[in-house]
Amino acid sequence: MKTKNMIRLIEIGGALLLMTSFLGVSFGAEPIKIGVIHGLSGWVAAYGVNNLKGHEVARDHYNAAGGILGRRIQYIVRDHMSKSDVARRVAEELVLKEKVDFLLGVTMTPCGLAVSEVARQYKILLVDSNIKSPEATEQFGHRYIASVAADSVYEGGAMALLEKETPSKTYWAIAMDYAYGHNIIDEFKKKLKEVKPDAKIMGESWVKAGETELTPYITKVLASKADGIIGVLMAISFQNFFKQQAPYGLLNKVRMINGGVMASPEFLYPIAKEIPDGVVLNTWHLPDYPDTTINKSFIKHYLDTTGEAYVPGSAAQSYIASQVLFEAIKKAGTTETEKVIDALSTLEVDTPRSTEKIRIRKCDQRSNLGELWGATKYDRETGQTKLVNPRYLSADALRHSCDEVMNIRAQKK
Amino acid sequence: MELSSIITQVAAGLTRGSIFFLLASGLTLVFGISKVINFAHGSFYALSMYITYSLTREILLLSPLGLWLNIILAPILVVIVGVLLEVILLRRVYKEEHLMQLLLTFALVYIISDSMKLIWGVASKSASRPDLLAGSIMIGGGIVPVYNLFVIASAVGIGLGIWAILQKTRFGIVARAAASDAETTRALGIDVSAVYTGVFAIGIFLAAVAGTLNLPLSSAALGIDVEMTILAFVIVIIGGVGSVGGAAIAALIVGLVETFGIMYIPRLTIALIYIIMVVMLIVRPFGILGRVIR
């Protein structure tokens with residue numbers, strides 16, 4: 001009788017096991033909980049919503065392959081509404097109430113700094129996709145924040161390097177009137193002195209956030225007779241600048257290079273006909289460069305999952321941030337924060353961005369990943385503007401060295 | 001500053017002023033006649049930009065016929081939405097305190113904004129100037145885009161049309177009567193609710209035309225609704241509540257101050273516009289031409 005019951009139990013157990021195998025991938029009981037904080041409402045949603053999609057595609061990709069350490073990845077998403085006090089509040093709620101294991105985010109630097117402070121306070125690792133302010137990982141950097149975004153030191157330096165071989169000698173700077181715009185212009189000026197000492201900045205125009213009327217800036221540049229424009233125009237200001245300059249023929253007379261990672265389809269496609277050929281821009285992702293398996297597979301996966309027509313740059317950026325976190329957990333073999341942080345600096349991961357593997361530098365936990373730069377060209381067949389002759393510039397040679405970072409931190413104390 | 005630059009800036013300022021006039025005149029009409037504070041006024045401006053973008057894809061602006069169709073079609077579609085909201089929602093708060101109207105229309109801002117986000121997504125939308133109006137001409141050595149002249153001429157034409165409707169038509173007479181004394185007008189057998197709906201439709205039409213005309217100059221993006229509503233209120237206060245003429249003068253002042261301000265004192269431009277509003281509230285609280293339309 002006992003034997004018969006035992007056999008019956010084994011049969012039932014076996015049947016159950018067989019059934020679960022037909023249900024597809026099975027996970028361990030506890031998911032890995034990750035708090036995701038981005039700006040999902042208001043004007044910043046133009047970035048934040050795409051950021052979230054990138055994270056979600058990464059999550060689905062890894063979950064389809066069995067999760068991490070046999071555990072499903074689960075997101076708990078919060079909207080910071082472009083307010084740093086809300087960002088702080090939702091970060092604390094995610095850590096204290098939802099008991100997340102890690103944090104991903106954060107659109108907008110002020111919100112990112114607020115979340116970073118929560119991460120430091122509660123010793124939870126935040127892997128950031130967007131913060132370009134060098135302060136986030138230098139003056140205010142700490143063990144519990146890692147960023148995959150190339151900072152504004154890199155961006156300004158890259159722009160100067162790209163201008164080195166161009167014929168422009170007199171520049172007019174036109175940039176967004178907040179820290180990011182100022183930082184890039186300052187870094188551009190420093191690097192320009194090194195690489196092109198005979199060039200000069202004739203004047204500067206500072207554009208308020210969300211400015212829609214760019215005509216006065218355009219006429220000012222025209223009147224200056226500068227032969228080059230160094231720009232950090234973003235979002236609607238970026239688009240309206242090109243729309244409004246067309247009848248004045250500004251960019252028929254003057255070359256332009258613009259930072260701010262605006263060469264993503266979501267910003268470029270709406271003004272395809274208005275942006276002239278030859279404007280140098282940067283971006284986080286290109287659909288046809290590099291021609292690597294990982295890039296093609298990422299694009300296919302993203303488009304199939306979302307049903308969208310293109311991959312937004314901010315989605316590609318946050319996909320990479322998710323990749324870094326997931327690979328660090330895998331490498332650590334555990335979700336223990338300190339061990340995952342230790343694993344970060346040993347990572348070398350292929351990304352869709354370039355053939356250079358991403359690495360996280362130990363001294364400031366910012367990645368080596370640079371950006372893609374190219375010149376605009378209108379394609380009559382598709383009716384779109386794309387970047388041609390793209391170049392990937394690594395962040396390694398263009399950012400502050402570890403010694404410089406340590407000096408900056410020492411001075412802050 | 002050279003004369004050519006001044007001419008270019010003036011043309012740019014008049015263009016901005018024209019868009020502001022269309023936007024603000026709609027708001028001042030609605031507030032002046034039906035006494036409703038519509039905080040969602042800019043939302044209809046934004047909605048028209050998005051609808052124009054979609055229509056542009058189907059009825060190409062490349063053909064002259066396409067342009068005229070879009071200028072009429074997009075605002076008409078927006079007016080239909082606006083009238084539905086007025087009949088279903090706003091009519092219930094005409095007799096309520098302004099705070100109730102503000103709260104209701106504030107809620108509409110978020111509803112319309114999220115609806116636009118759902119339909120058109122978060123990426124900004126743009127349309128090009130039609131080829132017919134894409135060039136520029138020289139006036140006194142200054143470059144003046146042809147499309148800017150078109151916008152200015154449209155605003156003048158529409159402004160005169162509104163004046164004619166209000167002054168020369170039976171509807172206009174009835175609307176002005178309702179603005180002066182709604183009870184007496186009602187007692188004379190006139191359906192004042194229908195008059196208010198008609199005025200609301202005109203107000204929304206004006207905001208929508210502003211949006212349609214501005215799309216080739218400025219992308220449609222998240223947040224533009226609130227920004228334009230606030231600007232419209234500022235212009236209405238400066239010009240005088242209920243005064244279309246006042247709105248015209250105030251809009252031109254704001255347009256020129258904005259354009260020249262950006263040129264010379266960019267960091268103070270927004271403050272300057274609000275300083276003008278504050279000074280007006282202190283010195284002449286009823287605005288430049290502030291009185292109910294007679």
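Because the structure is a prediction, the values reported are computed rather than measured. Chain A is the first sequence line, chain B the second, and so forth, proteins listed ahead of strands; every chain is numbered from 1.
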Could I get the full list of side-chain hydrogen bond (donor to acceptor under 3.5 Å, both in side chains) partners for A/Trp43, not counting sequence neighbours?
-> none
Does a side-chain heavy-atom distance below 4.5 Å link B/Tyr147 with A/Pro247?
-> no
Listed partners of A/Lys220 passing side-chain hydrogen bond (donor to acceptor under 3.5 Å, both in side chains), at least two apart | none
Which of the residues A/Pro312, A/Ser205, A/Pro270, A/Ala235 is involved in the greatest number of heavy-atom pairs with chain B at under 4.5 angstrom?
-> A/Pro270
Taking the side chain as every heavy atom from C-beta outward, state whether B/Ser124 and A/Glu266 have any atom pair closer than 4.5 Å.
-> no
Over all heavy atoms of both residues, which pair between A/Lys243 and B/Ser218 is shortest? Give the atoms and the distance, please.
-> CE-N, 3.5 Å
Proximal to chain B - members of residues 210-219 of chain A, heavy-atom separation under 4.5 Å = A/Gly210, A/Glu211, A/Thr212, A/Glu213, A/Thr215, A/Pro216, A/Tyr217, A/Thr219
A/Gln239 and B/Ser126: side chain donor to acceptor below 3.5 Å | no
Using a heavy-atom cutoff of under 4.5 Å, enumerate the residues of residues 103-119 of chain B that contact chain A, numbered in order, or state 'none'.
-> B/Lys117
Please answer whether the main-chain N or O of A/Ala246 pairs with a side-chain N or O of B/Arg129 as donor and acceptor at a distance below 3.5 Å.
-> no
Are side-chain heavy atoms of B/Val122 and A/Tyr47 found at a separation under 4.5 Å?
-> no
Do B/Ile224 and A/Ile236 have side-chain heavy atoms sitting under 4.5 Å apart?
-> yes
